[in-house]
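Structure, as structure tokens:
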There are 2 protein chains.
Amino acid sequence: METSVDVRKDVYLRNCPCRGVLDLLANKWTALAIGALEDGPRRFGELRRKLEGVSQKMLTQTLRELERDGLVSRTVYPVVPLRVDYALTELGRSVAEPLSAIRRWSEENIGHVQRARAEYERRAEADPVPAR
Amino acid sequence: METSVDVRKDVYLRNCPCRGVLDLLANKWTALAIGALEDGPRRFGELRRKLEGVSQKMLTQTLRELERDGLVSRTVYPVVPLRVDYALTELGRSVAEPLSAIRRWSEENIGHVQRARAEYERRAEADPVPAR
DNA sequence: CGGCATCCGAACCGATACTG
DNA sequence: CAGTATCGGTTCGGATGCCG
């Protein structure tokens, strides 16, 4: 069936819709939000506390996009006070592992990055405009 | 040796420097740039053509950050016309695989995402302000 | 060829106030 | 509790022009 437009699935192509998906995953809070849901459903407030430094606005926005794209489900319990649960969908669970690898890499290699950064600055000082 | 400040390596903590690393990887063009260098060194112009839609400014900026953080090396050949090669460092090669997984997921799951998006819009139309 | 500097509109994001 | 709405500052990012 698949009415295939002549745009192959290649993130390097300008007009490929996968670009949008990549951008979603590349969002500042996406990897953290997905990771926080790996162990089961969480309430909005729990996520807010877990993702230190996230503003309520950005968390809401991030979760909305993830819900819209089918990675996260949102369940409202009509109780007082209001309760809203977020959970990974099957699609969301399938991206959890790749994103987890990214988070892990960040934690494991921060040392290397910091050393590289220090080295870079050291050069910039010692050598103002070498070949650039 | 490791002068350990009391900030553990946890991307969920507000003041953990890993946040900066995660942000680097979460940049719009980072995953594409790293991927384009997987098969060996590439010239600036090659990368520009490969990453369709990237502006020269953003490509330069992305490559600079990657160089600064030790994921990419930059080699200038003092010839006319000028030639500059970019290549992955060992650190850069170690992140190539995780980022590749992210790109692959984007390409493989664009269908699911598009269907979810259509479904979401369909609901929004049919049901203006249900529980939000 | 591979940049850098500048301008400028667009998008992002935090802070605050208000709602069911 | 879990949002929405709005305002304003910051950053993003494209377009253009110039340089070695």
Distance, rounded to the nearest Å, where Asn27(B) contributes CG and dC12(C) contributes C1': 13 Å

How many whole angstroms separate atom NZ of Lys57(A) from atom C1' of dT10(D)? 12 Å

State whether the side chain of Thr89(B) and the backbone N or O of Leu71(B) hold a donor-acceptor pair below 3.5 Å, judged by distance alone. yes

side-chain N/O Arg74(B) vs dG2(C) OP1/OP2, d < 4.0 Å: no

Does Arg43(B) make a side-chain N or O approach to OP1 or OP2 of dG2(C) shorter than 4.0 Å? yes

Cation over ring face, Arg83(B) and Tyr77(B), 6.0 Å, 45°: yes

Describe, as an angle rounded to 10 degrees, how the axis at the first end of the helix from dC1(C)-dG20(D) to dG20(C)-dC1(D) is tilted relative to the axis at the last end, five pairs per end. 50°

Tell me the interatomic distance from Leu51(B), atom CG, to dG14(D), atom P, rounded to whole angstroms. 12 Å

Going from CG on Leu47(A) to CG on Leu63(A), what distance comes out if it is rounded to the nearest 0.5 angstrom? 6.0 Å

Between CG of Leu63(B) and C1' of dG2(C) the distance, given in whole Å, is 11 Å

To the nearest Å, how far apart are Asp23(A) CG and dC12(C) P? 10 Å

Taking CD from Glu65(B) and P from dG13(D), how many angstroms apart are they, rounded to a whole number? 10 Å

Any base atoms under 4.0 Å from Tyr86(B), or only sugar-phosphate, or nothing? Heavy atoms, all strands. sugar-phosphate

From dG3(D), dG14(D), dC13(C), nucleotide with atom closest to Met58(A) side chain: dC13(C)

Phe44(B) side-chain proximity, nearest of dG2(C), dA2(D), dG14(D): dG2(C)

Does Arg48(A) put a side-chain nitrogen or oxygen below 4.0 Å from OP1 or OP2 of dG3(D)? no

Any side-chain heavy-atom pair of Thr60(B) and Phe44(B) under 4.5 Å: yes

Do Arg42(B) and Tyr86(B) come close enough that some side-chain heavy atom pair is under 4.5 Å? no

Gln56(B) CD to dT6(C) C1', straight-line distance once rounded to whole Å: 13 Å

Would you say the side chain of Tyr12(B) lies within less than 4.5 Å of the side chain of Leu32(A), judging by non-hydrogen atoms? yes

Nearest whole Å is fine: how far is dA5(D) C1' from Gln61(A) CD? 13 Å

side-chain contact (heavy atoms from CB on, under 4.5 Å) against Ala26(B), all qualifying residues, sequence neighbours excluded: none

Report the nucleotide, chosen from dG14(C), dA2(D), dG2(C), that has the shortest atom-to-atom distance to any side-chain atom of Leu82(B). dG2(C)

